[in-house]
Enquirer: 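To start, I am sharing the structure in question, which I have written as structure tokens.
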Amino acid sequence: MDDKSKALTWMSPYCMEIKEGPSYLTLQYLSCVPMKFFKWDNLGYFNVFNQVQSDHCQVHHALKHTFLSEDCQNLILEQTTFHPVAKLRPPSVKYQKIFLKILLDKVEFNGHSPTEDLCNTYLTVMNAEMQPVAYKTYYVNKKFLTILENANMLSGGTTGLVLWTASFCLAEWMLQHQNVVKNCSIMELGCGCGFTGLSICKNIPVKSYMFTDCNEEVISYARHNIQVNDIKQDIVSTQILSWGDESSYSENNFDVILGADLAFDKKAIVQLVKTLQHYLHKRKSTKAYIASTVRNDATYAFFTETLQTSGLRYAVVVNVKYTPESFIFNVLNPSLGGCIQIIEITS
């Protein structure tokens, strides 16, 4: 299996056969897959206004009810808006509105009447107040992982309140190479909402995991997400850490340092490398793994050159090209795709 295939094994409900557990609809709905990528059947995409009308239910292949009949509508609601996870930690109101409106359009297009539950749910959501803060829930190693994030890509002067593609890739790679972090003390730089660390802590035994970021609001989101995912409190901690400011550094020694989507600005890169240099020279056995979406070749080259001039060595362990079509849990707009690199850094 090549790197690209490996990297999609749990991120995409299209790329794995789910014999037990949540349905395709549930996985997509909870993770807020954009409607233009949303799959209502198991065969391929179809446009709501161009699909071929059929009595065969394209959503629930094992059942004998008619597509988008009353029974079908009720089951769709049970698998999405009425799902226990969605009721406890729902997707954004905006996403719910779009999803329910498209579902209503599909029902009417196929010549059926919407059920009372569908109509009432849609009216309730239409009257709900829009909030920038909402949940997205992912299915990692047969476990739900819920993340509270801010829908505004730049909020409070930070980009750490939304999930970025590189954090998925770093988490996936760590789950496939568990010996890298197993039973280790780990520090994550620029942890954001905490997806990478939570994926690791829920699935791999670690000695300790410290989530760090320079922004207090980001750390508050990480703390919240640690709590809602029932992570063992005795192995995790959070700390404000500003790159390049040694007064904010943890005095602990770490076996592994992680980071995702950190190399995006030259000024920040200089301070990031100073921080890596501090910990990697402090303890020669420490290794760092940094995942990046290479959006600008010159900026990324500056990052790797700065590592070398600072006496640090690096090796590329993953180099993968992602596109929105293959990356179904596409939490960003397509313009933010690109080449993902994960590098191992040593002193």
Side-chain angles (χ1 to χ4, degrees), residues 30-32 85 88-89 91-92 131-138 140-141 143-175 181 184-204 206-243 245 248-250 252 254 256-264 268 271-272 275-276 279 288-292 329 331-332:
L30 293 179
S31 62
C32 301
V85 174
L88 182 62
R89 300 189 176 99
S92 69
Q131 297 288 342
V133 175
Y135 289 103
K136 289 182 181 178
T137 299
Y138 303 90
V140 182
N141 277 7
K143 300 173 186 176
F144 285 117
L145 196 162
T146 299
I147 299 292
L148 179 69
E149 64 174 34
N150 194 310
N152 296 325
M153 191 168 291
L154 185 62
S155 176
T158 178
T159 57
L161 299 181
V162 294
L163 291 178
W164 296 89
T165 305
S167 64
F168 287 96
C169 299
L170 183 59
E172 170 69 6
W173 192 80
M174 288 297 163
L175 291 177
V181 292
C184 290
S185 56
I186 305 160
M187 177 176 68
E188 184 177 354
L189 299 175
C191 66
C193 297
F195 181 85
T196 299
L198 292 170
S199 297
I200 291 171
C201 292
K202 288 196 77 162
N203 293 283
I204 306 173
V206 298
K207 183 178 179 181
S208 64
Y209 198 105
M210 179 180 286
F211 296 79
T212 75
D213 201 280
C214 65
N215 186 286
E216 179 63 49
E217 186 178 7
V218 171
I219 288 294
S220 71
Y221 275 68
R223 289 184 186 128
H224 175 86
N225 291 329
I226 290 168
Q227 183 177 6
V228 301
N229 285 285
D230 298 323
I231 304 298
K232 292 181 180 179
Q233 296 296 314
D234 59 339
I235 66 167
V236 297
S237 60
T238 59
Q239 181 171 318
I240 297 292
L241 189 152
S242 298
W243 304 341
D245 179 6
S248 70
Y249 291 175
S250 168
N252 297 349
F254 299 96
V256 178
I257 297 173
L258 302 178
D261 250 324
L262 307 181
F264 53 85
Q271 302 307 318
L272 168 62
T275 306
L276 291 171
Y279 284 103
Y289 295 86
I290 306 297
S292 304
F329 285 166
V331 294
L332 307 170

Enquirer: Can you name the residues that form a side chain to side chain contact (heavy atoms under 4.5 Å, CB included) with Ser92, not counting sequence neighbours?
Expert: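 Ser92: side chain to side chain contact (heavy atoms under 4.5 Å, CB included) contacts with Lys94, Tyr95, Ala134.
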Enquirer: About how many Å separate CG of Leu30 and SG of Cys32, when rounded to the nearest 0.5 Å?
Expert: 8.0 Å
Enquirer: Among residues at least two apart in sequence or on other chains, which ones pass side chain to side chain contact (heavy atoms under 4.5 Å, CB included) with Ser250?
Expert: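 Met210, Gln239, Asn252, Phe254, Tyr279.
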Enquirer: Who pairs with Ser167 by side chain to side chain donor-acceptor pair (under 3.5 Å), at least two apart in sequence or on another chain?
Expert: none
Enquirer: Could you give me the CA-CA distance, side-chain angles and deciding distance for Leu241 and Thr275, then say whether side-chain contact (heavy atoms from CB on, under 4.5 Å) is met?
Expert: CA-CA 10 Å; Leu241 189 152; Thr275 306; 4.2 Å; yes
Enquirer: Verify side-chain contact (heavy atoms from CB on, under 4.5 Å) between Leu148 and Arg89, making sure each step is shown before the conclusion.
Expert: CA-CA 9 Å; Leu148 179 69; Arg89 300 189 176 99; over 6 Å; no
Enquirer: Do Glu188 and Tyr209 have side-chain N/O donor and acceptor atoms under 3.5 Å apart?
Expert: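 Present: a donor and an acceptor within the cut-off.
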Enquirer: Could you grab the distance from atom CG of Asp230 to atom CZ of Phe144, nearest 0.5 Å is fine?
Expert: 14.0 Å
Enquirer: So do the side chains of Met174 and Thr196 get within less than 4.5 Å of each other, counting heavy atoms only?
Expert: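 No; the side chains remain at least 4.5 Å from each other.
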Enquirer: Show the nearest heavy-atom pair for residues Ser292 and Ala263, with the distance to one decimal.
Expert: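 Heavy atoms of Ser292 and Ala263 come nearest at OG-CB, 4.2 Å.
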Enquirer: Check Val218 against Asn215 and note the closest heavy-atom contact, atom names and distance.
Expert: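 Looking at all heavy atoms of both residues, the closest pair is N-OD1, 3.1 Å.
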Enquirer: Check whether any side-chain heavy atom of Ile200 sits under 4.5 Å from a side-chain heavy atom of Leu258, and report yes or no.
Expert: yes
Enquirer: Between Met187 and Thr212, is a side-chain contact (heavy atoms from CB on, under 4.5 Å) present by the stated rule, with each step listed?
Expert: CA-CA 7 Å; Met187 177 176 68; Thr212 75; 3.8 Å; yes
Enquirer: Quick check: closest heavy atoms across Asp261 and Thr165, and the distance to 0.1 Å?
Expert: OD2-N, 4.3 Å
Enquirer: Could I get the full list of ring-ring contact (aromatic ring centres under 6.0 Å, His included) partners for Tyr135, not counting sequence neighbours?
Expert: His224
Enquirer: For residues Trp243 and Tyr249, report the shortest heavy-atom separation together with the two atoms involved.
Expert: C-OH, 4.2 Å
Enquirer: How close do Ile231 and Cys201 get, counting heavy atoms only, and between which atoms?
Expert: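 Distance-wise, the nearest heavy atoms are CG2-CB, 3.9 Å.
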Enquirer: Is the centre of the Phe168 ring less than 6.0 Å from the centre of the Phe195 ring?
Expert: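 Yes, the ring centres sit under 6.0 Å apart.
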Enquirer: Nearest 0.5 Å, what's the CG-OG1 distance between Asp213 and Thr238?
Expert: 10.5 Å
Enquirer: Residues two or more places apart in sequence or in another chain: which of them pass side chain to side chain contact (heavy atoms under 4.5 Å, CB included) with Ile240?
Expert: Glu216, Ile219
Enquirer: Which pair of heavy atoms, one from Cys193 and one from Ile147, lies closest together, and at what distance?
Expert: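 It is CB-CG2, 3.7 Å.
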Enquirer: Please tell me if the side chains of Ile290 and Leu170 come closer than 4.5 Å, counting only heavy atoms from C-beta onward.
Expert: no
Enquirer: Using side chain to side chain donor-acceptor pair (under 3.5 Å) as the criterion, list what pairs up with Thr137, not counting sequence neighbours.
Expert: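 Once residues adjacent in sequence are excluded, the partners of Thr137 under the side chain to side chain donor-acceptor pair (under 3.5 Å) criterion are Thr146.
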Enquirer: Flag the pair Leu145 / Lys202 as yes when at least one side-chain heavy-atom distance between them is below 4.5 Å, and no otherwise.
Expert: yes
Enquirer: Any chance you could measure Leu272, atom CG, to Leu262, atom CG, to the nearest 0.5 Å?
Expert: 5.5 Å
Enquirer: Residues two or more places apart in sequence or in another chain: which of them pass side chain to side chain contact (heavy atoms under 4.5 Å, CB included) with Cys184?
Expert: Ile186, Asp255, Val256
